[in-house]
There are 2 protein chains.
Amino acid sequence: MEARRVQQAGRRKKQHTMADVARAAGVSKSTVSRAFTQPEMLGTETVERIAAIAKTLGYVPNHTARALSTGRHGNLALIVTDVANPFFPPLIRAAQMEADGSDFCVFLGNSDENPRQEDKLVDRFVSQVEGLILVGSRLGAERIQHHAGRRPLVLINREVTGIPRVLIDSTTGVRQAIAHLAALGHRHIVYVSGPSSSWANRQRRNALRLAARQHGIEVDVLSARVPSYESGRAVVAELIESRATAAVAFDDLIAQGIMTGMAERGIPIPEAFSLVGCDDVLGAATYPSLTTVSNRSDEAGRAGVTLLLDRLSGRMAGDTRVVLDTHLVVRQTTAAPASGQRRQGG
Amino acid sequence: MEARRVQQAGRRKKQHTMADVARAAGVSKSTVSRAFTQPEMLGTETVERIAAIAKTLGYVPNHTARALSTGRHGNLALIVTDVANPFFPPLIRAAQMEADGSDFCVFLGNSDENPRQEDKLVDRFVSQVEGLILVGSRLGAERIQHHAGRRPLVLINREVTGIPRVLIDSTTGVRQAIAHLAALGHRHIVYVSGPSSSWANRQRRNALRLAARQHGIEVDVLSARVPSYESGRAVVAELIESRATAAVAFDDLIAQGIMTGMAERGIPIPEAFSLVGCDDVLGAATYPSLTTVSNRSDEAGRAGVTLLLDRLSGRMAGDTRVVLDTHLVVRQTTAAPASGQRRQGG
DNA sequence: CTGTTAGCGCCTTCAA
DNA sequence: TTGAAGGCGCTAACAG
């Protein structure tokens with residue numbers, strides 16, 4: 001009794017319902033409902049009268065009840081691996097704005113690079129969204145397919161056949177990066193890898209290996225595991241040990257960490273070591289400014305939402321695949337290798 | 001008829017409902033419901049059996065139906081002015097994780113520095129959330145109070161009496177910055193202001209003016225309006241014209257823009273001009289690395305959610321006010337003014 | 001054009 | 001400890 005009262009007190013001032021409006025207007029609930037969802041079915045004056053009454057009453061249709069009855073929520077979920085990684089904010093922002101343009105609300109989920117967490121988030125969102133977007137999902141293909149069976153699903157930077165996806169194709173940019181390093185005279189480089197379950201990471205590694213082979217460049221791979229400033233800094237010791245003359249990092253954060261680590265050891269970039277990042281999220285903030293493979297993650301976000309919305313309105317086939325190009329932005333962290341080093345490398 | 005079929009086809013494979021689980025377990029719906037919400041009311045084995053069956057069936061309680069029936073959605077909304085501003089991602093991330101720990105889903109809204117958009121977002125969220133968090137709201141006090149009357153509301157970096165809020169207090173850090181500049185010998189500085197409707201901006205400006213007066217430092221104010229790299233760069237011409245020897249920028253993005261603008265004009269920082277940022281979101285990425293007022297925006301996000309959740313569970317009085325300190329991080333963009341400039345300034 | 005009647009899936013009294 | 005029944009607010013047939 002006591003507890004119940006507390007709970008009721010906790011409840012907000014009760015909103016008016018359709019029944020209130022109907023009573024005040026002397027019509028039935030259905031008519032009120034129609035006045036909001038299919039006004040063209042009603043007499044003009046009826047609609048206006050109901051609208052006026054609703055307004056004075058401060059009536060607002062209940063989103064939840066409507067959703068339960070129609071199965072349409074007007075929500076969608078965006079799940080990313082790490083909100084704070086600068087790759088994501090522009091993507092999130094663009095997705096957000098795009099959804100907003102179609103009156104959709106967006107749930108944001110942060111999986112923290114953890115597949116289990118990602119699963120949990122999907123489960124939690126799935127019953128209240130129209131569809132979901134997974135960015136750089138760390139989930140296995142079968143899990144993804146499972147989820148896709150429950151709700152329309154779009155992937156960003158993850159490739160699973162049969163599921164609509166938008167892919168930022170690093171291949172073009174990475175090829176340019178290798179060509180650039182080759183032209184400068186590098187013969188032995190390192191790829192500093194990111195998370196092994198990341199599609200982007202695999203794609204970059206493979207593209208790099210292929211291009212390097214074509215240019216006769218030797219490639220070592222070191223792993224930074226987590227894409228962060230710290231792990232970039234931590235990998236520097238190994239990097240030096242490798243005796244390579246240049247490195248391509250999985251992303252700009254790692255690259256920035258490497259720059260710091262190199263600076264701490266008094267190794268000047270680009271004079272003694274060349275470095276290329278990926279993503280171009282730091283702008284020209286680092287010094288020297290970072291040569292990097294640029295991508296427009298905001299476009300990926302926008303495209304993801306568009307794809308999902310199209311799919312929802314039935315305007316789209318199942319296996320769409322949107323590919324966004326990348327390109328190398330040459331700034332100041334790449335140069336010809338020091339001659340002494342070049343000998344070592346060969 | 002045709003249309004209906006299309007719609008049904010569009011509907012996903014129907015999720016299992018409580019009734020399915022009940023049937024499979026040979027119990028009633030109520031029992032299944034209780035197994036999920038008040039297991040202690042049931043026999044241990046009953047609960048386990050139901051849980052097992054639910055699991056094999058892949059049953060997930062329907063969030064929407066539950067919300068309709070209880071009035072509790074398990075959602076909350078976080079509205080920020082610009083997702084892509086590096087100040088926000090850590091805050092968002094922390095808020096996100098904190099909410100997650102209490103099984104809440106979070107809606108993210110991007111107001112784009114626009115009060116109308118902010119209002120719109122609130123309206124759209126309000127009927128499906130337990131409460132909202134507004135970060136750096138650009139809304140008038142009366143609008144905020146209006147919204148707070150509909151749902152529990154927490155403010156971050158916005159002060160409205162009577163509404164729970166967490167404030168990142170730049171005063172302490174700004175004071176340190178002024179003391180630092182004064183000690184270096186600066187006598188005439190500029191505050192490069194951010195959005196005029198921003199609480200943080202007003203607070204920083206006022207704190208700066210006060211501290212400057214105490215140190216006998218002259219202060220001009222220039223406005224960058226939008227907190228971005230570009231607007232920082234755009235303000236540089238005026239900045240030079242002012243003949244001040246140092247500037248404190250509303251945030252690090254503006255400061256970074258100023259650095260670029262100065263570099264373009266061949267004015268070396270800190271030799272010819274000293275610069276202090278706010279927020280400390282760039283790390284040591286700029287060159288020279290930026291002296292700035294540090295704040296931990298992630299703590300603000302976490303605190304905001306905690307405050308809201310506490311309020312929801314009735315554990316909290318109305319007018320809570322959490323204040324987070326800041327402090328100056330001296331790096332490389334501040335130095336004594338050139339002697340010629342100092343004369344001009346006095 | 002408008003009213004009537006069933007649900008949507010779940011929670012929550014009230015009985016047993 | 002469990003079941004039956006009603007309702008949360010709205011939409012969507014089906015009549016009229």
Side-chain angles (χ1 to χ4, degrees), chain A residues 1-8 11-23 25-50 54 57-74 126-128 130 150, chain B residues 1-8 10-12 14-23 25-50 54 57-74 126-128:
Chain A
M1 199 74 162
E2 205 40 39
R4 195 187 328 161
R5 199 144 65 210
V6 169
Q7 186 154 29
Q8 293 197 339
R11 217 109 156 190
R12 299 281 91 193
K13 280 185 297 291
K14 226 194 189 70
Q15 295 277 340
H16 288 283
T17 104
M18 269 185 14
D20 299 324
V21 180
R23 200 175 313 120
V27 297
S28 75
K29 290 195 300 173
S30 328
T31 305
V32 177
S33 173
R34 286 173 186 128
F36 282 87
T37 57
Q38 337 188 22
E40 69 283 357
M41 257 185 82
L42 264 42
T44 319
E45 50 133 10
T46 316
V47 173
E48 281 171 6
R49 188 158 47 89
I50 291 178
L57 244 45
Y59 166 75
V60 182
N62 182 315
H63 204 106
T64 311
R66 180 178 289 178
L68 180 58
S69 156
T70 61
R72 261 189 309 276
H73 310 71
V126 74
S127 70
Q128 44 182 344
E130 235 80 355
R150 312 207 287 173
Chain B
M1 200 77 158
E2 204 42 37
R4 195 186 330 162
R5 211 166 34 227
V6 168
Q7 187 155 27
Q8 294 197 336
R11 216 105 159 194
R12 298 285 90 193
K14 230 192 187 65
Q15 295 275 338
H16 288 284
T17 103
M18 269 186 11
D20 299 324
V21 181
R23 200 175 312 117
V27 297
S28 75
K29 290 195 299 174
S30 327
T31 304
V32 177
S33 173
R34 287 176 185 124
F36 281 88
T37 57
Q38 340 187 17
E40 68 283 357
M41 254 184 84
L42 264 42
T44 318
E45 52 131 9
T46 317
V47 174
E48 280 170 7
R49 187 158 46 91
I50 292 178
L57 243 46
Y59 166 75
V60 183
N62 182 315
H63 213 107
T64 310
R66 180 177 287 179
L68 181 58
S69 151
T70 61
R72 263 188 307 275
H73 307 73
V126 74
S127 68
Q128 43 183 344

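Labels below follow one simple rule: chain letters A, B, ... track the order of the sequence lines, proteins then strands, and each chain is numbered from 1.
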Enquirer: Hey, does the side-chain of A:Ser30 have a donor or acceptor N/O within less than 3.5 Å of a partner on the base of C:dT4?
Expert: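 Check passes, donor-acceptor contact within cut-off.
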Enquirer: OP1 or OP2 of C:dG3 versus the side-chain N and O atoms of A:Ser28: is any pair under 4.0 Å?
Expert: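 For C:dG3, OP1/OP2 do have a side-chain N/O of A:Ser28 under 4.0 Å.
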Enquirer: Confirm from the modelled atom types if A:Ser69 and D:dA12 form a donor-acceptor pair under 3.5 Å, side chain to base only.
Expert: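 Looking at the base of D:dA12, it does not pair with any donor or acceptor on the side chain of A:Ser69 (distance under 3.5 Å).
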Enquirer: Could you check whether B:Val32 gets within reach of a base, just the sugar-phosphate, or nothing at all, counting any heavy atom under 4.0 Å?
Expert: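 Since no nucleic acid heavy atom lies under 4.0 Å of B:Val32, the category is nothing.
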Enquirer: For A:His63 and D:dC8, give me the distance from atom NE2 to atom C1', rounded to whole Å.
Expert: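 Computing the A:His63:NE2 to D:dC8:C1' distance gives 16 Å.
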Enquirer: Quick one: do B:Thr46 and B:Arg34 satisfy side chain to side chain contact (heavy atoms under 4.5 Å, CB included)? Show the steps, please.
Expert: CA-CA 10 Å; B:Thr46 317; B:Arg34 287 176 185 124; over 6 Å; no
Enquirer: Ignoring hydrogens and angles, answer whether the base of D:dA12 and the side-chain atoms of A:Thr70 contain a donor-acceptor pair closer than 3.5 Å.
Expert: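 No, the side chain and the base share no sub-3.5 Å donor-acceptor pair.
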Enquirer: Distance check needed: D:dT1 C1' versus B:Gln38 CD, whole Å only.
Expert: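 Distance check: B:Gln38 CD to D:dT1 C1' gives 12 Å.
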Enquirer: To the nearest angstrom, how far is A:Gln128 atom CD from C:dC10 atom P?
Expert: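 Rounded to whole Å, this separation is 13 Å.
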Enquirer: Under 4.0 Å, heavy atoms only, any strand: does A:Thr31 hit a base, just the sugar-phosphate, or nothing?
Expert: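 Answer is sugar-phosphate: A:Thr31 comes under 4.0 Å of backbone atoms only.
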Enquirer: Under 4.0 Å, heavy atoms only, any strand: does B:Phe36 hit a base, just the sugar-phosphate, or nothing?
Expert: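 It contacts nothing in the nucleic acid.
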Enquirer: Any side-chain heavy atom of A:Asn62 sitting closer than 4.5 Å to one from A:Thr17?
Expert: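 Counting from C-beta outward, A:Asn62 and A:Thr17 never come under 4.5 Å.
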Enquirer: Using whole Å, what does the distance between atom C1' of nucleotide D:dT2 and atom CE of B:Met18 come to?
Expert: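 It is 13 Å, rounded to the nearest whole Å.
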Enquirer: Select from A:Thr17 and B:Arg34 the residue whose nearest nucleotide in DNA chain D is closer to the 5' end of that strand.
Expert: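 Final value for this comparison: B:Arg34.
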Enquirer: Determine whether the side chains of A:Thr31 and A:Ser28 contain a donor N or O and an acceptor N or O closer than 3.5 Å.
Expert: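 Yes, A:Ser28 and A:Thr31 have a side-chain donor paired with an acceptor closer than 3.5 Å.
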Enquirer: Rounded off to whole Å, could you give me the CZ-to-P distance for the B:Arg23 and D:dG3 pair?
Expert: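 Atom-to-atom, B:Arg23 to D:dG3, this comes out as 14 Å.
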Enquirer: Quickly, which of A:Ile50, A:Asp20, A:Val21 forms a side-chain contact (heavy atoms from CB on, under 4.5 Å) with A:Tyr59? Name it, please.
Expert: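 The residue from A:Ile50, A:Asp20, A:Val21 that satisfies side-chain contact (heavy atoms from CB on, under 4.5 Å) with A:Tyr59 turns out to be A:Val21.
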Enquirer: In whole angstrom, give the distance that lies between atom CZ of B:Arg49 and atom C1' of D:dT2.
Expert: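 Result: 12 Å.
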Enquirer: Please step through side chain to side chain contact (heavy atoms under 4.5 Å, CB included) for the pair B:Gln15 and A:Arg150, ending with a clear verdict.
Expert: CA-CA 8 Å; B:Gln15 295 275 338; A:Arg150 312 207 287 173; 3.6 Å; yes
Enquirer: Within the structure shown, what part of the strands sits under 4.0 Å from B:Thr64 by heavy-atom distance: base, sugar-phosphate, or nothing?
Expert: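 Contact class for B:Thr64: none.
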Enquirer: Starting at CG of A:Asn62 and ending at C1' of D:dG7, how long is that distance when rounded to a whole Å?
Expert: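 It works out to 14 Å between those atoms.
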Enquirer: With nearest nucleotide decided by heavy atoms, which residue, A:Thr44 or A:Lys29, maps closer to the 5′ end of DNA chain C?
Expert: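 Residue closer to the 5' terminus by nearest nucleotide: A:Thr44.
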Enquirer: Take the protein atom CZ of B:Arg66 and the nucleotide atom P of C:dC8, then report the distance between them rounded to whole Å.
Expert: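 So the CZ-P distance, B:Arg66 to C:dC8, works out to 18 Å.
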